[in-house]
Structures are given as structure tokens and as C-alpha cells.
Enquirer: 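Have a look at this one before I ask anything.
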Amino acid sequence: MNEISPLQKARAAYAPKLPVALRNGAAVKVTEGAPTTAVADVEKIKAIFETTFGSPVLTFEAGEAKTMPAITAGVILSGGQAPGGHNVIAGLYDGLKSLNSANRLIGFLKGPDGLIKNQYMELTDEIIDAYRNTGGFDMIASGRTKLETVEHFQAAYSNCKALGITALVIIGGDDSNTNACMLAEYFKKNNLGIQVTGCPKTIDGDLKNEWIETSFGFDTACRVYSELIGNIERDANSAKKYWHFVKVMGRSASHIALECALQTHPNFAIVSEEVAEKKMTLDQIVTDLANIVASRAADGNNFGVGIIPEGLVEFIPEIKVLIAELNDLLAANAAKVEDMDKAEKPAFAAANLTAESAKVFASLPQGIQIQLCNDRDPHGNVQVSLIETEKMLAEMVGTKLKAMKADGKYNGKFAAQVHFFGYEGRCAAPSNYDADYCYSLGYNAAALIGAGKTGYMSSVRNTTKPADQWIAGGIPITMMMNIERRHGEDKPVIRKALVELEGAPFKFFAANRADWAVKTAYVYPGPIQYFGPSEVCDLVTKTLELEQK
Ligand code: FBP
């Protein structure tokens, strides 16, 4: 066993909070609501999910502790790491043991791949205890393989059958939970006797809706980034000579950027959804930022901090078109492009794009041109985490300021530092919020299994209130679905939650950003606190606080 840190040692003893419904064990009393429907494309979703569609929302109350026949369950971590994953597994384990101490839990290794390839390990008291309240997914590791073909489902079935598994828990984001639902439907329709339950995970915060108030990991990751941003703000305010451009993760939605802005009050923060809504050009974005730099310079403040969401480039309409053209161009000339040197690709692209996109492409710094021509991910998407948007904007703002200086519209100094915070937060030790929420989600998944349910997502709500008031239950995954066009095909998917411009978190930001731009109104959140007064240890995100008000 590796040496563990003093914090890890002390934190192992933390007893996560549970909703009242689960405090007597996972054998709960179930109340069923009315039959449900889907968020859109109801008839199509109904036709695809013949046997699981329409299930009722479930609410749990504490039940009588009772022993059920022993079972073996399996668990998978799917997709990007998010703080608290180990607590979901610990909660699931404890919940299963509360149903029958002979229940067993098998962890499939490296995500869905483990299930398909039959790579697994049995989780024991010793293993679970070593990972309680720790960050990371290293107990069983994660992977991004998608469970979506009938061959995958068949392999999943035969491997589960061989291990005696009758219940599977898939811990993942919107895509993984969509696939959990497909698997649930396959097992139920074919009468294969395996229940499937999903748990909402992703630091990106974009798996949420009326019934799932947040995805786990968002709280901790945002606290880690906000601590770092606060430290940078204090440095900027001390040295008074740099502008810091900080990019934060979030593959698509800007929830992380917005939450960090609400926690730290930077001089600017870009929200991709607003950029798309207002159809802003790259030049407009750059001009807005340069104007903020200039107005601070006019007050003698040649420093500042700004937050940029990782997914921004795909929300700027002209760049979205450019990327789509590049995707087609690179795919159609794959062999030719593969033989080219990295630096040769932009010239090839520029010569073959439409005039409009060629103009946009030419306006980008050379480094970004090269990055946009780089390899796509297995689904043909640009790997946004590899595009240095923060560098691009810093460079372009610098160029704009030079022009403004020449016109007499700016008279300051501009020196930029760039940062990217993503991996720093994904495996952090979970905050109390995530430690509690995750443990509850896992324990609640055991309750869903005990209640004989399939195709449900574990749901714990009302989490801005004390745990006594948390509501535990299950939400049919089909209820969150609609049909979307993916890779040229219509597919059922859980609707992704982007930042709502009419939502309270964005409105609060929009009402304050002009002030934060010119004033130095920084807030320094400091590191996550695990021990001490409740008002510093048991915080909830500003997003959740504002949404629930
Ligand atoms: P999930 O949606 O799977 O939770 O992952 C989110 C994320 O952390 C994004 O913020 C980021 O763009 C992506 O994963 C990076 O993942 P990878 O390192 O696999 O490219």
C-alpha cells in the first residue's frame, strides 16, 4: 500500500450524510408517480424504448430494514473523471450490504471496455475502505468506449451472466446514461434479468434538469478552479502588471466558467451560449475584451483576470462553420493530409476552404490554424481541450490594443499570461457536498436495485437544504430524452443542459459583470475546507444556490 497523506487519512473517517429515506438501509418504501413521457420526440422515443418508456418517477421513504435474497451487482465508471466517483461506489457497496450482507459488487475495469472484454475485480471491504472520500477514479479506472451496438449488449450480457450479475450501475455523463438506458431496454425486452441504473456524473455540469439538480463533481472541480483563479487574481492585484487569460474545462456548456466567475468576480468571463445566441463574431469578442483592458488602463490598472470556457470556438458561428468545413475537407483528403507535415496543413486548408471561411481562418494566429487542422477524436470532433483559445484571445487582444493605441484610443501596457485549468480539478478530493451527494447517489442506486427497478437514474434532490430534507428516488432515463442528429443519424439522447441565458445564475452574472470589469472586485475563495465551521465546509455552488432560490 502506498503512503497516504495526513489529509487522506483523516478524511477516510468522514461519514457522508444520507437522505432520511436511506438511513434505515436501502430497503425503502417506494411511492410511484404518474406515468412519464419524454422531453421531446415522444413517439420516436416510445418506439425505441418499448418496455422502459413511461415508467413513473419514484420517491423513497425509509422502509423497514429487511434481508433480501443475495445478489451480485456490477459497477462501471464511464467517461472523464469527476470528484466523488469513489464515494458513489462506496455508497452502492454499503447500500447493497444493507440489503443482504452476502451481496457482492464487481467493478469492471477501465470503463465500458471492462464489461465488454470481461475485465473486472471484486470489490471488498478493504478496497472500498481505502478509497472512501478520495478523489479520482483509480479504484477501477474509467474509459470512453461507448456501449451502443447489439454486439456490445450481447457481450455485456454473457459476461454478466457468467459472473452471476443481475444488476449493473453505470456512472457517467449524458451519453453514458443514454447508453445505460439502451442497455436497460435491451435486457428488459429480451427478458434477460439484469437491471440497469445510471448515476449522473460530469464536472461539466451539463447533465441536469428538473429532476437531477446537478451532476456530481461539478462542485469540487469548480471550487478547485476558483481557488486557483482567486490566487491568480490576488497575484495580479499585487504585481499590477499582467492580464491573465484563464481557460477552464467544459467540453461544450459554460457552466464551469460561469460558476467560477460567480465565485471569483473576474474582470471578464465569456459564456459560449451567449456568444452563440448573439451570433457574436470573433472580432466582436476581441473588441469587447480590448475595450475592458482599455477602460481599466484609463484608471491606471494595467492588469486583470478573465475566464474563457473550453468549448468557446465551437459556439462562435463563423468558427463553427469553419470547423465543419475543415472536418469535411480533412476527412475527404485523409490520406493526403496524413502524409503532410503539421505546418503544411494550414496552407492546404486555406487553399480549399470557401472564401468566407478562408477569411476567418486567415484571421487566426498561426498556432491556432495548426491546432484546428490537427487530428480529430474518434467521433470526428475537434479536440477542444487541445485548442489554445486562451492564447488565441490574448494574442488577438494584444494586436487590437496596438491598433487602438495607434488611433489614440488606448494608452496602457498589456502583458498577458495564459492558463488552462481542467485536469487539476477532475480528481480532487471531493468537497463535503460531493462526498455526501455521491455517497447518497450510490446508496440510492442500491435502493433502486432493491426495489427491482431498471432504466432509472439515481436522483437525490433538494441538496441546497440540510440532508434531513433531501429527496431520494429514481427518474426514468427515457423521460430526459429527445432525438438529436449525431454523425448523420437520428439518435435518442439525453438532452444536454447548456447555460440558460434566462436562468438566475447567468442573470446574476450579467447584472454584475460591468462592475466587475472596471472595478477590482475580486473574491478569493481559497482552498476547499474539509474540517471547520459548516459555513466554509458545507457550501453549495452559486449556480445551485441561485437556481434553487
Ligand atoms: P465527461 O463529460 O466525460 O465527464 O468529461 C468532461 C471533460 O472533463 C471535459 O470537460 C473535457 O473537455 C474532457 O472531459 C476532456 O477529456 P479527455 O481528457 O478524455 O479528452
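It should be emphasised that the depicted structure is a prediction, and the values quoted were computed from it without experimental measurement. In listed order, ligands and their atoms are each counted from 1.
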Enquirer: Okay, side chain of Q81, backbone of G136: is any donor-acceptor separation there less than 3.5 Å?
Expert: no

Enquirer: Do G80 and ligand 1 have an N or O pair less than 3.5 Å apart?
Expert: yes

Enquirer: Mark up the atoms of ligand 1 that fall under 4.0 Å of a heavy atom belonging to I203, in ascending order.
Expert: 8 (O)

Enquirer: For G250, counting its heavy atoms only, list the atoms of ligand 1 lying under 4.0 Å from any of them.
Expert: 10 (O)

Enquirer: Is it the case that ligand 1 has an N or O less than 3.5 angstrom from some N or O of S78?
Expert: no

Enquirer: Once you restrict to heavy atoms under 4.0 Å, what part of D204 touches ligand 1? Side chain, backbone, both or neither.
Expert: side chain

Enquirer: Any sub-3.5 Å donor-acceptor pair from N133's side-chain atoms to Y14's backbone N or O?
Expert: yes

Enquirer: When the ring planes of F268 and W243 are compared, do they come out parallel, tilted or perpendicular, using 30° and 60° as the limits?
Expert: parallel

Enquirer: Would you mind reporting whether D174 and V493 have side-chain heavy atoms less than 4.5 Å apart?
Expert: no

Enquirer: Taking the minimum heavy-atom distance to atom 8 (O) of ligand 1, which of E310, R251, K201, R426 ranks first?
Expert: R426

Enquirer: So if I count the atoms of ligand 1 from 1 in the order they appear, which ones are less than 4.0 Å from some heavy atom of G79?
Expert: 3 (O)

Enquirer: If we check side-chain contact (heavy atoms from CB on, under 4.5 Å) with I165, which of these qualifies: L105, I106, L115, V75?
Expert: I106

Enquirer: Apply the ring-ring contact (aromatic ring centres under 6.0 Å, His included) test between H265 and each candidate in Y524, Y522, W516; give the one that qualifies.
Expert: W516

Enquirer: Any atoms of ligand 1 less than 4.0 Å from a non-hydrogen atom of T202? List them with their elements.
Expert: 1 (P), 2 (O), 4 (O)

Enquirer: Going by the atom numbers of ligand 1, which of them fall below 4.0 Å from some non-hydrogen atom of Y423?
Expert: 15 (C), 17 (P), 18 (O), 20 (O)

Enquirer: H419 vs F421 aromatic rings, parallel, tilted or perpendicular, using cut-offs 30° and 60°?
Expert: tilted

Enquirer: Just going by heavy-atom distances, which of K496, R144, Q81 is nearest to atom 5 (O) of ligand 1?
Expert: R144

